[in-house]
Amino acid sequence: MHTETQRNLTDITPQIMIENMRKYTGLMVVVLILLAAGLVITMKPGGSGGGLGHEFMTVEGVALDRNDFSKQGQNTIAAVQRLVQMQNFNDFIKLREFVGSLMGTKGGETQRNLDFVTNRILLKKKAHSLGLYSSNEVAATYIKDNMFQGRDGTFDVEMYTTYVDSLANLGFKEIDFQELIGEYIVFTKTRDLIGGGITPSVEQTLAQMKSDAQTVGVSTVNFQLEDFSKEINPTEEEVKSYWETHKDKYKTDVQLKATYVLTLLDDSDQPTRPTPAPDADPTAVTQQNLAYQEALADWTEQRKNHTKILTKLFSEFVDTSADSDGIKFDEAAAVAKDKAGEDFTIVTTEAFNIENTPAEIKALTLKHYQPGTQIASILFDPKSYNAEDINYNIHTFSVGLDGNLAIRIDERIEPAVKEFEVAKELATADLIQELASKAMHDAAITAQTEITELINAGKSFNEAAQEKGFNSSTLAPFTAASTPADINNADDLFRIAVITDPASIAKELSETGEITSIVYVDSRTYETSADDTIKEQQLIDNTATQLQYVAFNAWVNSLKDDADLKLPLVE
């Protein structure tokens with residue numbers, strides 16, 4: 001680990017806060033005077049306001065800066081995800097229902113966060129106009145009565161306290177969690193109000209159930225795409241003509257040029273626990289272990305102190321950059337590096353696509369994001385870049401054990417059509433597949449007609465297929481829930497079989513890309529059971545719940561239609 005003269009630092013966060021307070025001393029005095037005079041306009045209900053930062057978005061008069069957006073969006077989602085990490089799955093399911101309904105599934109992570117935050121505000125306002133709201137006191141009671149239940153079914157104070165304490169690094173206090181639960185309570189009341197009374201068609205629901213519960217026996221004649229591909233060898237002129245017609249299929253990847261700042265200490269010099277030989281002297285082993293413990297404690301303390309210094313310098317760099325709307329990003333980074341040395345890395349990249357993101361960035365583990373989230377997926381989201389706003393293109397992350405990362409996207413290079421010589425190999429493969437697919441389909445249609453004629457003349461399906469020179473296969477009877485695992489198009493075979501009369505050839509071919517099948521239905525049966533009535537009622541109830549969610553989600557999405565929204569880079 002690199003060493004340097006250590007500053008007398010206790011806790012880095014309070015120190016940074018104090019320095020920021022000094023920085024805005026004059027402004028704070030003005031605010032206090034205005035407060036005393038009663039001249040400061042209070043924030044509108046339902047939002048945290050823009051604070052002293054730059055306004056990032058506005059929803060029905062509720063203004064949020066970037067910190068507000070992060071807290072109400074990705075940090076809230078991370079807080080919900082943390083319930084799983086603490087093995088509190090039941091409570092996670094409750095809140096995931098709330099998050100999922102408001103987040104939706106469209107777009108990348110940035111868009112879903114934007115939808116989630118926007119819908120939170122709109123839902124709160126609309127629900128309040130409907131007379132639906134929840135106080136922190138009601139939320140606290142709900143938490144105690146319904147959440148964080150221990151093995152004995154009662155409220156586990158220790159589990160709850162541990163969870164709330166763990167949210168500190170997300171900017172959450174207990175009151176913030178209570179407000180989230182209050183929103184969840186309002187969400188359930190509103191959902192029941194909007195979706196209540198919606199019921200499915202019993203006849204259609206039960207018909208679908210009985211269709212899915214059938215057992216079918218199927219015989220097939222199969223045609224494989226690869227057999228037809230082998231026979232096709234297009235000329236260069238044909239390939240070029242295909243490329244001319246389908247140019248939009250052959251584009252370069254989106255590329256980025258970026259500059260990033262990284263503070264992450266190397267841990268290769270961390271002391272390792274000794275591994276004594278089986279016959280080692282016990283006294284010597286004890287001494288080795290004590291030496292290891294002392295070395296580890298010293299290493300950890302040095303790393304902790306060094307990390308505090310790097311974190312402080314990184315924070316100063318970020319503040320200076322933000323205060324200048326990103327214009328002083330390079331200047332502030334250079335100043336911080338002069339103070340920090342080689343542990344403060346500044347790199348400007350060449351153009352890269354999502355697949356060849358710089359290895360040192362790709363290897364980093366993100367904190368405060370859902371598991372599996374990659375930095376590259378965030379950077380390549382179109383909404384992460386704005387050619388007109390430098391500050392918007394700067395993204396900061398907590399990474400690794402105790403590191404920080406700031407990335408500025410310098411340029412986004414949009415896809416361009418590849419020249420023929422570059423795209424020729426891909427175009428050739430696509431043309432071969434297209435021609436082979438058509439040839440396979442035509443061959444199957446011809447065979448289906450010939451086999452049908454022989455069946456009508458009294459032949460069995462297998463006899464007719466053999467007479468025409470095709471191999472046929474007969475599958476053991478199966479249901480929708482027990483399709484043969486080794487048959488790639490088994491689901492499609494079932495779909496066709498349940499709408500085809502037994503002892504007949506299906507009019508529809510099963511076409512699933514790599515394989516096309518002629519389908520003959522040997523048998524189709526439906527067996528009743530003693531608990532059918534219970535199953536039918538459960539299905540009707542579950543279908544009704546799904547319809548209620550569909551109605552509620554459609555209603556939530558409609559709230560945006562007439563809302564006063566100022567959202568960043570909505571496409």
Side-chain angles (χ1 to χ4, degrees), residues 198-225 228 437-468 470-547 550:
I198 297 178
T199 57
S201 165
V202 174
E203 181 178 350
Q204 291 181 2
T205 302
L206 295 183
Q208 184 62 51
M209 171 189 172
K210 291 176 180 178
S211 176
D212 291 343
Q214 292 182 78
T215 299
V216 298
V218 171
S219 293
T220 62
V221 168
N222 300 317
F223 296 85
Q224 303 289 340
L225 183 66
F228 293 85
S437 294
K438 184 179 185 306
M440 178 172 64
H441 173 83
D442 292 345
I445 288 292
T446 300
Q448 183 187 45
T449 301
E450 293 174 346
I451 291 173
T452 299
E453 290 174 352
L454 291 177
I455 290 175
N456 292 337
K459 301 280 186 178
S460 70
F461 177 76
N462 292 333
E463 289 172 342
Q466 186 174 9
E467 185 171 322
K468 289 297 179 180
F470 300 113
N471 294 322
S472 61
S473 301
T474 299
L475 306 182
F478 61 94
T479 66
S482 63
T483 55
D486 57 337
I487 305 299
N488 293 334
N489 62 335
D491 290 339
D492 199 51
L493 295 178
F494 182 86
R495 178 188 64 81
I496 293 173
V498 296
I499 58 173
T500 303
D501 291 335
S504 67
I505 195 167
K507 295 180 180 179
E508 181 182 355
L509 296 173
S510 173
E511 299 182 272
T512 55
E514 298 298 320
I515 183 172
T516 293
S517 302
I518 300 171
V519 184
Y520 181 83
V521 180
D522 296 303
S523 62
R524 184 158 67 88
T525 59
Y526 173 75
E527 296 182 5
T528 60
S529 61
D531 60 350
D532 274 358
T533 301
I534 296 175
K535 291 180 180 179
E536 290 173 0
Q537 188 58 51
Q538 288 175 339
L539 178 64
I540 292 170
D541 292 342
N542 291 338
T543 305
T545 298
Q546 293 172 5
L547 289 176
V550 170

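Because the structure is predicted, anything quoted here is derived from the model rather than measured. The first residue in the sequence is number 1, and the count goes up from there.
For Phe228, the ring pair (Phe, Tyr, Trp, His ring centres under 6.0 Å) criterion is met by no residue, not counting sequence neighbours. Residues satisfying the ring pair (Phe, Tyr, Trp, His ring centres under 6.0 Å) test with Phe494, not counting sequence neighbours, are none.
For the pair Tyr520/Ile455, a side-chain contact is recorded, criterion being any heavy-atom separation below 4.5 Å from C-beta on. Contact check for Val216 versus Phe478: side-chain heavy atoms found under the 4.5 Å cut-off. Between Arg524 and Asp501, the closest side-chain pair of non-hydrogen atoms falls below 4.5 Å. Between Thr500 and Val519, every side-chain heavy-atom pair lies at or beyond the 4.5 Å cut-off. Using a 4.5 Å heavy-atom cutoff, the side chains of Leu509 and His441 are in contact. Looking at heavy atoms from C-beta onward, Asn489 lies out of side-chain contact with Thr220 at the 4.5 angstrom threshold. Taking the side chain as every heavy atom from C-beta outward, Thr512 and Asn488 never approach each other to under 4.5 Å. Counting heavy atoms from C-beta on, the side chains of Lys468 and Glu453 never come closer than 4.5 Å.
Here the closest non-hydrogen pair linking Ala443 and Phe223 is O-CZ, 4.1 Å. Contact detail for Ala465 and Val221: the closest heavy-atom pair is CB-CG2, 3.7 Å. Annotation for Thr474 and Ser219: closest pair OG1-OG, 2.9 Å, computed over non-hydrogen atoms. Minimum interatomic distance between Ser523 and Pro502 (heavy atoms only, all atoms of both residues): CA-CB, 4.4 Å. Shortest non-hydrogen contact noted between Ala497 and Val521 is CA-CG2, 3.8 Å.
Expressed to the nearest 0.5 Å, how far CG of Asn222 lies from CD of Glu514 amounts to 13.0 Å. With rounding to the nearest 0.5 Å, the separation of CG in Leu493 from CD1 in Ile487 is 7.5 Å. Here the CD1-CG distance, from Ile496 to Asp492, works out to 4.5 Å after rounding to the nearest 0.5 Å. Within the model, atoms CD of Gln448 and OG of Ser517 stand 11.0 Å from one another, a figure rounded to the nearest 0.5 Å. Here the straight-line distance linking atom CG of Leu225 with atom CD1 of Ile515 works out to 10.5 Å at 0.5 Å rounding. How far OG1 of Thr479 is from CD of Gln214: 10.5 Å, rounded to the nearest 0.5 Å.
The environment of CD in Gln224 is crowded: more than 12 heavy-atom neighbours from other residues, nucleotides or ligands sit within 6.0 Å. Heavy atoms from other residues, nucleotides or ligands lying under 6.0 Å from CG of Asn456 number more than 12. Heavy atoms from other residues, nucleotides or ligands lying under 6.0 Å from CD of Glu450 number more than 12.
The pair Asp442-Lys438 counts as a salt bridge, with a side-chain nitrogen and a carboxylate oxygen less than 4.0 angstrom apart.
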